[in-house]
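Okay, so here's the structure we're looking at.
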Amino acid sequence: MIPRVLITADAAKLLGQLTEQHGPVMFHQSGGCCDGSSPMCYPLGDFIVGDRDVLLGVLDVGDGVPVWISGPQFEAWKHTQLVIDVVPGRGGGFSLEAPEGMRFLSRGRAFSDAENTELAGTPVITGADYARGERPAQRAPVVVEAVEACPIPARHAERLPR
């Protein structure tokens with residue numbers, strides 16, 4: 001199964017520290033209001049997941065960290081793998097990493113046509129499904145480094161001006 005979300009090793013390390021300080025945590029991919037479109041980290045249960053929110057995956061960090069996105073935003077991003085990374089700077093005021101001098105950052109990688117075809121046959125888990133006990137079959141992996149964000153698919157590269 002192709003993961004819809006990944007986390008870098010550096011971000012996983014910070015996430016582990018936050019879990020030690022605050023207990024179990026979760027992410028919700030912000031829709032672009034006050035804190036831009038940052039992945040917001042909350043103590044598990046402090047952010048109420050809506051029935052139509054979509055579970056992108058559960059990160060393989062500690063006991064597992066769920067990553068959510070709103071249903072409408074998922075429709076816009078469903079062709080993109082979300083990579084949660086961390087960079088120096090101040091995070092969003094509502095996110096747990098804000099006082100740490102680091103901030104979580106979303107990077108994206110466009111899925112290939114083959115990946116999109118495979119994912120189209122995989123149902124998503126919504127907040128309502130999760131409340132009924134549905135869980136993903138596997139956890140989303142930790143990657144060593146951030147993948148190249150937003151590469152131009154080969155089929156479009158020939159259209160670029162030279």
_Heavy-atom pair with the smallest gap, counting every atom of C41 and S95_ = N-OG, 2.8 Å
_So, taking the atom named CZ in R52 and the one named CD in Q73, what distance separates them when rounded to the nearest 0.5 Å?_
13.0 Å
*Could you check if a side-chain atom of I69 sits within less than 4.5 angstrom of a side-chain atom of D53, using non-hydrogen atoms only?*
no
*With the side chain counted from C-beta on, respond yes when V54 and I125 share a heavy-atom pair under 4.5 Å apart, and no when they do not.*
no
*Is any side-chain heavy atom of E97 less than 4.5 Å from a side-chain heavy atom of L14?*
yes
*How about F111 and H79: are their ring centres within less than 6.0 Å of each other?*
no
*Can you label the angle between the Y130 ring and the W68 ring as parallel, tilted or perpendicular, going by 30° and 60°?*
perpendicular
_As a quick check of understanding, evaluate salt bridge (charged side-chain N to carboxylate O under 4.0 Å, His left out) for D10 and K13, giving each step before the final call._
CA-CA 5 Å; D10 288 342; K13 181 179 176 184; over 6 Å; no
*Which is it for I7 and L15 under the side chain to side chain contact (heavy atoms under 4.5 Å, CB included) test, yes or no, and what are the steps along the way?*
CA-CA 10 Å; I7 187 168; L15 195 55; 3.7 Å; yes
_Value rounded to 0.5 Å, distance of CG in D60 from CG in L6_ = 11.5 Å
*Please tell me if the side chains of Q81 and R4 come closer than 4.5 Å, counting only heavy atoms from C-beta onward.*
no
*Are any of the side-chain heavy atoms of I84 and L59 separated by less than 4.5 Å?*
yes
_Please check this pair: side chain of S106 against backbone of S38, looking for a donor-acceptor N/O pair closer than 3.5 Å._
no
_Contact between F104 and L18 at the side-chain level, heavy atoms closer than 4.5 Å - yes or no?_
yes
*Between CH2 on residue W77 and OG on residue S70, distance to nearest 0.5 Å*: 10.0 Å
